[in-house]
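Side chains are part of it too, since the values below use all heavy atoms of this structure and drop only hydrogens, waters and symmetry mates.
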Amino acid sequence: MTFVGAHRRRTVAPMLWKLRMWWWGADKAVLAFAAFCLVVVAALGFAATLVFEHRDVQNARLREFHARSLECLAHNVYYEARGESRAGQYAVAEVTMNRKASPRYPKTVCEVVYQKNWDPLRKRHVGAFSWTEFETLDAPAGEAWQRAVKVAEDVYYQRRPSTMPGVLHFHATHIRPDWSKERQRVARIGRHVFYR
């Protein structure tokens, strides 16, 4: 045995003895309370981590939902009214949002935009907005798409006062649907007529 090994053994043994004596004479209630407090703090920290992670997941889902809703609204403005004035585009966006708010229509923007109802004359489901019936469409692009997105954001986030309260219907001026006789005409903007 070397001198260092023997010296280390002589200094460790009294330290272990002192530690044992301290443990034997220590107040176990204080130690138990301290251990309990550590466990509680650790559990609270773990629970807080779970809560914040859950909140982050919910916030991410909410952001995704709003982004999807805005995209649906912008598509509706683009395909229904891209050649119209800003007033006409805002009116189309407001009708879409008015439908979302109405108990007679679906509860999300995308469900409103892509809603299909049975038409007994055509003997098939037809889209509430005509463009949703086309199988292929050119992808939205350019200045017209940017303007549609801006209009959708303004109406979705209520950045401007509503000009079409309660208006739920519109059609192009080149057609005269049967339902238009039963509704109150509110305005004609560009190539669309709007009804309550």
Has Lys123 got more than 12 heavy atoms of other residues, nucleotides or ligands less than 6.0 Å from its NZ?
no
Between the main-chain N or O of Ala128 and the side-chain N or O of Asn117, is there a donor-acceptor pair closer than 3.5 Å?
no
Going by salt bridge (Lys or Arg N to Asp or Glu O under 4.0 Å), name the residues that satisfy it together with Glu111, two or more places apart in sequence or in a different chain.
none
Arg124 meets the side-chain hydrogen bond (donor to acceptor under 3.5 Å, both in side chains) criterion, sequence neighbours left out, with Glu133
Suppose the criterion is salt bridge (Lys or Arg N to Asp or Glu O under 4.0 Å): which pairs have a residue in residues 37-63, not counting sequence neighbours?
none
Measure the shortest side-chain to side-chain distance between Met97 and Val109 over non-hydrogen atoms and say whether it is less than 4.5 angstrom.
yes
What residues form a side-chain hydrogen bond (donor to acceptor under 3.5 Å, both in side chains) with His125, not counting sequence neighbours?
none
Give every residue pair that meets the side-chain hydrogen bond (donor to acceptor under 3.5 Å, both in side chains) criterion with at least one member in residues 152-161, sequence neighbours excluded.
His66-Tyr156, Tyr90-Asp154, Glu94-Arg160, Lys150-Asp154
Phe129 and Phe134: same hydrophobic cluster, using ILVMFWY side-chain contacts below 4.5 Å?
yes
Minimal non-hydrogen separation, Phe194 against Gly88, with atom names
CZ-O, 4.4 Å
Do the side chains of Pro177 and Ile175 get nearer than 4.5 Å, heavy atoms only?
yes
According to side-chain hydrogen bond (donor to acceptor under 3.5 Å, both in side chains), does anything in residues 181-190 pair up with another residue at least two apart or in another chain? List the pairs.
His169-Arg183
Taking only residues two or more places apart in sequence, or in another chain, which ones meet Arg86 in a side-chain hydrogen bond (donor to acceptor under 3.5 Å, both in side chains)?
none
Taking all atoms of both residues into account, what is the closest heavy-atom pair of Ala91 and Met164, and its distance?
CB-CE, 3.8 Å
Could you tell me whether a side-chain N or O of Ser69 sits under 3.5 Å from a main-chain N or O of Phe65, the two making a donor and an acceptor?
yes
Tell me, please, which residues at least two apart from Ala101 pass side-chain contact (heavy atoms from CB on, under 4.5 Å).
none
Under 4.5 Å between side-chain heavy atoms, counting indirect links through other Ile/Leu/Val/Met/Phe/Trp/Tyr residues: same cluster for Val41 and Phe33 or not?
no
Return the set of residues passing salt bridge (Lys or Arg N to Asp or Glu O under 4.0 Å) with Arg196 (not counting sequence neighbours), or none when no residue passes.
none
Would a distance-only check, ignoring hydrogens and angles, find a side-chain to backbone donor-acceptor pair under 3.5 Å from Gln89 to Ala81?
yes
Would you check, one step at a time, whether the test side-chain contact (heavy atoms from CB on, under 4.5 Å) holds for Leu70 with Val149?
CA-CA 8 Å; Leu70 272 170; Val149 169; over 6 Å; no
Looking at every heavy atom in both Ala152 and Leu73, which two are closest together, and how far apart are they?
O-CD2, 3.5 Å
Between His75 and Pro140, which heavy-atom pair has the shortest distance, and what is it?
NE2-CG, 3.6 Å
Please list all pairs passing the disulfide (SG to SG under 2.5 Å) test where one or both residues lie in residues 30-83, with sequence neighbours left out.
Cys72-Cys110
Listed by chain and number, what are the ring-ring contact (aromatic ring centres under 6.0 Å, His included) partners of Tyr114, not counting sequence neighbours?
Trp131
Within the supplied structure, the quantity of interest is the number of heavy atoms (other residues, nucleotides, ligands) at a distance under 6.0 Å from Glu64 CD; does it exceed 12?
no
Is it true that Val126 and Val113 fall in one hydrophobic cluster, defined by side-chain heavy atoms closer than 4.5 Å?
no
If the condition is side-chain hydrogen bond (donor to acceptor under 3.5 Å, both in side chains), which residues does His171 pass it with, not counting sequence neighbours?
Tyr195
Hydrophobic clustering (ILVMFWY, side-chain heavy atoms < 4.5 Å, transitive) - are Val193 and Leu168 grouped together?
no
Does Thr49 use its side chain to pair, donor to acceptor, with the backbone of Gly45 at less than 3.5 Å?
yes
Give, for atom CG of Leu137 and atom OH of Tyr78, the distance between the pair rounded to the nearest 0.5 Å.
9.5 Å
On a heavy-atom basis, which atom in Thr96 and which in Val112 lie closest, and how many Å separate them?
O-CG1, 3.8 Å
Could you report the tightest heavy-atom contact between Ser85 and Ile189, atom names first, then the distance?
OG-CG2, 4.2 Å
When rounded to the nearest 0.5 Å, the distance separating OG1 of Thr173 from CZ of Phe170 is 12.0 Å
Do the side chains of His192 and Glu84 get nearer than 4.5 Å, heavy atoms only?
yes
